[in-house]
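Everything below concerns the one structure shown next.
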Protein chains: 2
Amino acid sequence: MTSRQRAATSVTLADVAARAGVSPATVSRVLNDSYPVSASTRDRVTRAVRELKYVVNGHARALAASTSMVVGVIVNDVSDPFFSQIVRGIQTEAAHDGKLVVICNTEGEPARELSYLELLRQQRAHSVLLTGAAVDDPVHLAELAEQGRGLLAQGGRLVLCGRPRLPDVDAPAVTFANHAGASALARHLVELGHRRIAYLTGPLGRTTTAERFAGFREQLAAAGVPLAPELVLSGGFTRAAGYDNTRALLAAGAEFTALVTANDAMAFGALAALREHGIDVPDQVSVAGFDDLPFCVDSAPPLTTVRLPLTEAGALAARLAAGREPVPFGGVVTLQGELVVRRTVNRPPSQPGGQR
Amino acid sequence: MTSRQRAATSVTLADVAARAGVSPATVSRVLNDSYPVSASTRDRVTRAVRELKYVVNGHARALAASTSMVVGVIVNDVSDPFFSQIVRGIQTEAAHDGKLVVICNTEGEPARELSYLELLRQQRAHSVLLTGAAVDDPVHLAELAEQGRGLLAQGGRLVLCGRPRLPDVDAPAVTFANHAGASALARHLVELGHRRIAYLTGPLGRTTTAERFAGFREQLAAAGVPLAPELVLSGGFTRAAGYDNTRALLAAGAEFTALVTANDAMAFGALAALREHGIDVPDQVSVAGFDDLPFCVDSAPPLTTVRLPLTEAGALAARLAAGREPVPFGGVVTLQGELVVRRTVNRPPSQPGGQR
DNA sequence: CCAGGTGATGAAAGCGCTTACTGTGATGGC
DNA sequence: GCCATCACAGTAAGCGCTTTCATCACCTGG
């Protein structure tokens, strides 16, 4: 209720210096302990700091020393567990060297990706981590690369996480073995006897979508299992897309004994759609996702999926950005996924007439 | 592979001025369009900016104008959907006025809360939003209040979100009607005939824990339903705690027809534990949570819970912080929850011997 | 007793911007 | 036709720090 008068100016380093009876330079030296200072002087300074409740001005410091505490993270949507998991990895790592993590939600819009990058450059971000939303529109990519190069030229660091490298930009990338993961999943299904497998891809034009689908498709081909075009639908990486596309499949009377979705969120939607249609998972239809979000253990039924080391990826990217980890040869490190078998996959129901 | 030479210095406003043949002041004026500039001059400047690929130095600007673009958010854990939902609300709102959101993970440790607040003060954060982890240790609270006052004195703004106000600090709070929500849940259960209801509280010493439990307890009392002490256990706000405590209840042979947990994460754990024991939900035991995380619709079975407007709370807090929303009388706005009935609650099984 | 260290401190020049405060010509009222 | 007015543009003084360079007292060996 009390609306206090707002103090316009705050305590400065000069004030501390005056109070301690030393020069500003000395105060700076004890603050950063960047140079030997005698114990008695140091004491006087720290006491003055405490008495005056001095808090250094980060902007002034950043300006004078041209260093920055901020690490930018550009992400599709923090509230998506896929990203929030990565962000946590980054945050934990950044905290180690006292950096501040600013998160930028692009909501999948390339334009925002660009404008956030610009904002981050204005703040002279120490480093920025670009994750998700790897739209492969060439124009956008070119602009992104341009911004990336600008950032690097300013002395910042750029690391990609979960997306491929940018053309002509010297930035390392942490990626996932999407192809291998999807292959493993496909193999699992084929080995159990599935022959008609539906696949719900992510949004078109995204690298992740392409890699996962390719891994799936190629594995089927290798096993001699045909992939029916009418069983492949695409949509967003969302639960809603999974739900809608599964309903579309069902409405079209498509026949399949397994359904693979490009990520877990879509799988949850698929499970819901199947349940509504009274189709039992896994006895009538098997379902599998990708990512292994924490919630997979609690879905109905618990979801078979491919686990991606999300937090670890974030942490690794952050370490790369901090220069605390050597950049691997070729500039990209690929993290392997792992097939996690739970309860949504079973043998296909044995049917009277063999369908293929 | 190409390790380019890192440019030590970047283009400054003075460079732009020189190129455009005007004074730095003029450049600044067109950049911020803070003062009328003739069209032709403006053109020359913008052209120079583009040609030189000039990007303003945010630190210099912040120092000179004593303004800041950063909004700090102090949170328990970004990867927890409860918080990430709030963060998204904040982020979206902050993006409106071009602010950068820095997120600080305390992992529930009061010490980090404090050190992040300090860091944020160093950065002269425009505002900070404090959410979660409302440990009510008096010493911690006092230090927090101290920091909060310091922030305010520096001209920053402080808003609490999902936690009660700080003593002697003039900061508004956005809170949830925990008491009312828990009451509604209790009433629902009682009306269906439940008489032996177990309750898993959150961590002791947290306001949220206390409020939710009080709402529950008082509603039972009002309905004349006894609350058996052996049916109340407490633990963290985590799935693991829900799982463990439910198992403990079961192991102790406790008898209950309904189980209420202080949040959804715990409820998911409870459902898993019940399932492992072959107990059917909701036919043998009813379960209810609190928060209404997005996953509630996909759990097995879909969870009956109390919906909290998380994203909205974050957005509101952000608007309050930005001064874009008037601070309500009393400084606190309480957002109501809403009972969401799904599939985990049913009438209690009718038993031969009525137990109470 | 003094040249040459050595170790702690101070003076001052920025870092890149904003923003009073001053100048200007060009206008317009009388 | 002259001076107040106006609309821009420039000058320069910071904002609060870091950091180079100079200073100064004091010590050590010859």
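Within every chain, numbering begins at 1; the chains are lettered A, B, ... in the order of the sequence lines, protein sequences first and strands thereafter.
Partner of A/I74 under the side-chain contact (heavy atoms from CB on, under 4.5 Å) criterion, chosen from A/L120, A/L144, A/L129, A/T131: A/L120. With B/Y54 as reference, B/L13 is the one residue of B/D15, B/L13, B/V45 to meet the side-chain contact (heavy atoms from CB on, under 4.5 Å) rule.
The interatomic distance linking A/Q154 (CD) with C/dC15 (P) rounds to 16 Å, in whole Å. In this structure, the CZ atom of A/R61 is 9 Å from the C1' atom of D/dT18, given to the nearest Å. Rounded to an integer number of Å, the gap from CG of A/N57 to C1' of C/dC17 is 13 Å. When the P atom of C/dG16 is taken as reference, atom CZ of A/R121 falls 15 Å away, rounded to whole Å. Rounded to a whole Å, the CG atom of A/L63 is 12 Å from the C1' atom of D/dG14. The separation between B/L13 atom CG and C/dT18 atom C1' is 9 Å, rounded to whole Å.
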I would like to know whether B/R61 and B/N32 meet side chain to side chain donor-acceptor pair (under 3.5 Å); could you show each step before the answer?
-> CA-CA 11 Å; B/R61 170 178 287 179; B/N32 304 308; 3.0 Å; yes
Go through the steps for B/V11 and B/V55 under the test side-chain contact (heavy atoms from CB on, under 4.5 Å), then give the verdict.
-> CA-CA 7 Å; B/V11 182; B/V55 177; over 6 Å; no
Carefully, step by step, assess A/S79 and B/R88 under the rule side chain to side chain donor-acceptor pair (under 3.5 Å).
-> CA-CA 6 Å; A/S79 68; B/R88 184 162 60 89; 2.7 Å; yes
Just do the salt bridge (Lys or Arg N to Asp or Glu O under 4.0 Å) check on A/E113 and A/R163 with the steps written out, would you?
-> CA-CA 14 Å; A/E113 201 164 87; A/R163 61 187 290 169; 3.4 Å; yes
Go through A/L152 and A/L158 one step at a time and tell me if the side-chain contact (heavy atoms from CB on, under 4.5 Å) criterion holds.
-> CA-CA 7 Å; A/L152 261 26; A/L158 179 66; 3.9 Å; yes
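Closest to the side chain of B/P36, from the set D/dC17, C/dG16, D/dC8, is D/dC8. The listed nucleotides are C/dC15, C/dT18, D/dC17; the one nearest the side chain of A/A60 is D/dC17. In the set C/dT9, D/dG16, D/dC15, the nucleotide with an atom closest to the side chain of A/V37 is C/dT9.
Nearest heavy-atom pair, A/V333 versus A/P328, reported as atom, atom and distance to 0.1 Å: CG1-CG, 3.8 Å.
Within residues 20-35 of chain A, the residues having any heavy atom under 4.0 Å from DNA chain C are, by residue number, A/G21, A/V22, A/S23, A/A25, A/T26, A/R29, A/Y35. Contact check of residues 38-55 of chain B against DNA chain C (heavy atom, cut-off under 4.0 Å) returns B/Y54.
Judged by distance alone, the side chain of A/Q91 and the main-chain N or O of B/I103 form a donor-acceptor pair under 3.5 Å. Remark: side-chain polar atoms of B/H126 are not paired, donor with acceptor, to backbone N or O of B/K99 under 3.5 angstrom.
Between atom CD of residue B/Q123 and atom CE of residue A/M69 there is a gap of 7.5 Å, rounded to the nearest 0.5 Å.
Taking the C1' atoms of five terminal pairs at each end of the helix from C/dC1-D/dG30 to C/dC30-D/dG1, the two resulting helix axes are inclined by 40°, rounded to 10°.
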